[in-house]
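These numbers come from the heavy atoms of this one structure, side chains and all, not from hydrogens, waters or symmetry mates.
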Amino acid sequence: MDKTSGSSGSVLLNEKLCVSLSLSLSLPAGATLIPVFLPLTVLYLLSVCRSPGASVLQWPPPLPPTAHLLDPVAPVIIAVWVALQGFLYLLPVGKVSEGLVLRDGTKLRYPINGFSALCWSGVLLGLCLWLGMPLGYLFDLIIPLAVCAIATSYLLALYLYIRSFWAPNHALALGGNTGNPLYDFFMGRELNPRIGRFDLKYFCELRPGLIGWVVLNLGMLMKEVELRDSPSLAMLLVNGFQLLYVSDALWNEEAVLTTMDIVHDGFGFMLAFGDLAWVPFTYSLQAMFLVVHPQTLSPLAATGIVLLNGIGYYIFRKSNSQKNQFRRNPTHPSVANLETIATATGKRLLVSGWWGFVRHPNYLGDILMALAWSLPCGVSHLLPYFYLIYFTVLLVHREDRDARQCRAKYGLAWDTYCRRVPYRIIPYVY
């Protein structure tokens, strides 16, 4: 991995989905099958999670009746939520940062106020609870809400595809302008579609879906309060851990401007679906599982899980901060004494500090946190570990992809680096 350039300081959640999808798109039918398969996967996981057995292998699967897929309240909630986040996005709060240089030599400007949007959303949710609004109803509406979010992602992707034909050539994404309608619809033709100063891709990346994930978790907690009078320790841990993760992503929002999603990928169905449907509805499976399958944690077990999440978060945050500081200013006192390897390209590879420990310490921290999110759900069901399994597979693939790219780019310097740092993600294991 190039230690002087890389992904966001907070691993971009939707980018994990995009990496896996790129594999399937190498097949001719990939762009046709994935927009059908993935929405069905979301609905299947939600249905299994709400079933008494919660078995991902049970047959026939616990599919809901067609009448339960729709509810007139669901589209209203989705519309109000997206409108609220759009309003918070436009508020003149926080600084404005410039993105990377575009092909026409210009730079776009982005409001850095995602953490403010999270805080204001929290205040409004607190007001809703004070007024007695039944947030636990989100559990009952979860499948209709998912259906509406999926439909919204289809409609948004269709709008983006149509409007892209009026965009100038320099505004198109290099990877989504092939002339194949299905592929281009999926990948996205336009790189940075905007309505005035409202950047559609940047808005969707960290706002409605990511903050919506936290809101769904809170709804599951309130449903548990309705059923059992108080939230369980397991539910509190899941909510707390994932709130920390989302808060970190929004606090470090500016780092998103250098990620693959913003810099390289067009805005099409892949990102729209990942942002609006996949992230909020599959990443909240642990909280949803606990509503139907309550777990009891001993103080010792809870302490161990908190410690595991804390270690994971520390590794994740410190390694990303070190990498980003080195990328911005390699002469900064915190990174000036780190050992590096020179490359023929003029860039340098870090071989000490966190990046001399393993090649991807941020991935290690992410995996430890993902495990901590799942353990409060017990070990008798596979479903709560869906995120951990899926995520680990994606990171292993992503690491292998990065290694091949870096070997081609840096040649002998990369081979030297691999000898100095032999372990990829997990020390002494992988």
[X] side chain near [Y] side chain, heavy-atom distance below 4.5 Å:
{"X": "K107", "Y": "L100", "result": "no"}
{"X": "L88", "Y": "L118", "result": "no"}
{"X": "L125", "Y": "L129", "result": "no"}
{"X": "I195", "Y": "L200", "result": "yes"}
{"X": "F267", "Y": "D275", "result": "yes"}
{"X": "C49", "Y": "L383", "result": "yes"}

F326 and W354: aromatic ring centres closer than 6.0 Å?
->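 They do not qualify: ring centres at least 6.0 Å apart.
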For [X], all residues meeting salt bridge (Lys or Arg N to Asp or Glu O under 4.0 Å), sequence neighbours excluded:
{"X": "R50", "answer": "none"}
{"X": "R197", "answer": "none"}
{"X": "R103", "answer": "none"}

State whether the side chain of [X] and the backbone N or O of [Y] hold a donor-acceptor pair below 3.5 Å, judged by distance alone.
{"X": "N252", "Y": "D248", "result": "yes"}
{"X": "W213", "Y": "Y283", "result": "yes"}
{"X": "D184", "Y": "G179", "result": "yes"}
{"X": "N320", "Y": "F316", "result": "yes"}
{"X": "S51", "Y": "V48", "result": "yes"}
{"X": "N113", "Y": "L91", "result": "yes"}
{"X": "R359", "Y": "V421", "result": "yes"}
{"X": "S374", "Y": "A370", "result": "yes"}
{"X": "K201", "Y": "D265", "result": "yes"}

Among pairs that include at least one residue of residues 141-154, which meet side-chain hydrogen bond (donor to acceptor under 3.5 Å, both in side chains), considering only residues two or more places apart or in two chains?
->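 Non-adjacent pairs meeting side-chain hydrogen bond (donor to acceptor under 3.5 Å, both in side chains): zero.
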Any pair with a residue in residues 132-143 that passes side-chain hydrogen bond (donor to acceptor under 3.5 Å, both in side chains), sequence neighbours left out, goes on the list, sorted by first then second residue, please.
->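 Only D140-K223 qualify under side-chain hydrogen bond (donor to acceptor under 3.5 Å, both in side chains).
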Is the number of heavy atoms from other residues, nucleotides or ligands under 6.0 Å of [X] [atom1] greater than 12?
{"X": "H170", "atom1": "NE2", "value": "yes"}
{"X": "L412", "atom1": "CG", "value": "no"}
{"X": "N169", "atom1": "CG", "value": "no"}

Please report the interatomic distance [atom1]([X]) to [atom2]([Y]), rounded to the nearest 0.5 Å.
{"X": "Q242", "Y": "L210", "atom1": "CD", "atom2": "CG", "result": "10.5 Å"}
{"X": "I142", "Y": "D71", "atom1": "CD1", "atom2": "CG", "result": "12.5 Å"}
{"X": "L155", "Y": "C148", "atom1": "CG", "atom2": "SG", "result": "10.5 Å"}

Tell me the ring pair (Phe, Tyr, Trp, His ring centres under 6.0 Å) pairs involving residues 70-110, sequence neighbours left out?
->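 The answer is Y89-F198, Y89-F203, Y110-Y202.
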Given R424 and Y363, is the side-chain contact (heavy atoms from CB on, under 4.5 Å) satisfied, shown in steps?
-> CA-CA 9 Å; R424 302 178 181 216; Y363 292 2; over 6 Å; no
So which atom in [X] and which in [Y] form the shortest heavy-atom distance, rounded to 0.1 Å?
{"X": "V256", "Y": "I262", "answer": "O-CG1, 3.4 Å"}
{"X": "L191", "Y": "V263", "answer": "CD1-O, 3.7 Å"}
{"X": "V82", "Y": "P208", "answer": "CG2-CB, 4.4 Å"}
{"X": "S247", "Y": "F115", "answer": "O-CD1, 3.9 Å"}
{"X": "A287", "Y": "N217", "answer": "CB-OD1, 3.3 Å"}
{"X": "R348", "Y": "A342", "answer": "NH1-CB, 3.4 Å"}

Among all residues two or more places apart in sequence or in another chain, which pass the side-chain hydrogen bond (donor to acceptor under 3.5 Å, both in side chains) test with S97?
->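 side-chain hydrogen bond (donor to acceptor under 3.5 Å, both in side chains) list for S97, sorted by chain: E254.
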Partner residues of S121 under the side-chain hydrogen bond (donor to acceptor under 3.5 Å, both in side chains) criterion, sequence neighbours left out =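 S121 satisfies side-chain hydrogen bond (donor to acceptor under 3.5 Å, both in side chains) with Q85 only.
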Would you check, one step at a time, whether the test side-chain contact (heavy atoms from CB on, under 4.5 Å) holds for L276 with C204?
-> CA-CA 7 Å; L276 302 178; C204 289; 4.3 Å; yes
When you check the side-chain N and O atoms of T178 and N180, is any donor under 3.5 Å from an acceptor?
->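 Judged by distance alone, the side chains do not pair up.
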Using the side-chain contact (heavy atoms from CB on, under 4.5 Å) rule, take K323 and N362 through it: C-alpha gap first, then chi angles, then the decisive distance, then the call.
-> CA-CA 10 Å; K323 177 191 64 179; N362 52 342; 4.1 Å; yes
Listed pairs under 3.5 Å, donor-acceptor, residues 156-163 side chains, sequence neighbours left out:
{"residue": "Y159", "atom": "OH", "partner": "R163", "partner atom": "NH1", "Å": "3.2"}
{"residue": "R163", "atom": "NE", "partner": "E190", "partner atom": "OE1", "Å": "3.2"}
{"residue": "R163", "atom": "NH1", "partner": "R194", "partner atom": "O", "Å": "3.2"}
{"residue": "R163", "atom": "NH2", "partner": "E190", "partner atom": "OE2", "Å": "3.4"}
{"residue": "R163", "atom": "NH2", "partner": "R194", "partner atom": "O", "Å": "3.1"}

Given side-chain contact (heavy atoms from CB on, under 4.5 Å), test L127 with M133 step by step and report yes or no.
-> CA-CA 9 Å; L127 179 62; M133 295 183 66; over 6 Å; no
Quick one: does NZ or CZ of R189 land under 6.0 Å from the six-membered ring centre of F165, within 45 degrees of the ring axis?
->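 Output yes; distance and angle both within limits.
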Angle class for the H360/W355 ring planes (parallel below 30°, perpendicular above 60°, tilted otherwise)?
->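 The arrangement is perpendicular - the two ring planes meet at more than 60°.
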Quick one: salt bridge (charged side-chain N to carboxylate O under 4.0 Å, His left out) pairs with a partner in residues 207-220, sequence neighbours left out?
->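 Listed once each, the pairs are R207-E253.
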Using residues 33-43 as the side-chain source, report each donor-acceptor pair under 3.5 Å to any protein atom, sequence neighbours left out, with the distance given to one decimal.
{"residue": "T41", "atom": "OG1", "partner": "F37", "partner atom": "O", "Å": "2.9"}

Picking from W373, Y387, Y313, what satisfies ring-ring contact (aromatic ring centres under 6.0 Å, His included) with Y245?
->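 Of W373, Y387, Y313, ring-ring contact (aromatic ring centres under 6.0 Å, His included) with Y245 is met by W373 alone.
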Any residue meeting ring pair (Phe, Tyr, Trp, His ring centres under 6.0 Å) with F139, in chain and number order, not counting sequence neighbours =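 Ring pair (Phe, Tyr, Trp, His ring centres under 6.0 Å) check on F139 returns nothing, list empty.
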Sole candidate of M222, M220, Q286 that passes side-chain contact (heavy atoms from CB on, under 4.5 Å) when paired with M235 |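 Output: one option passes, namely M220.
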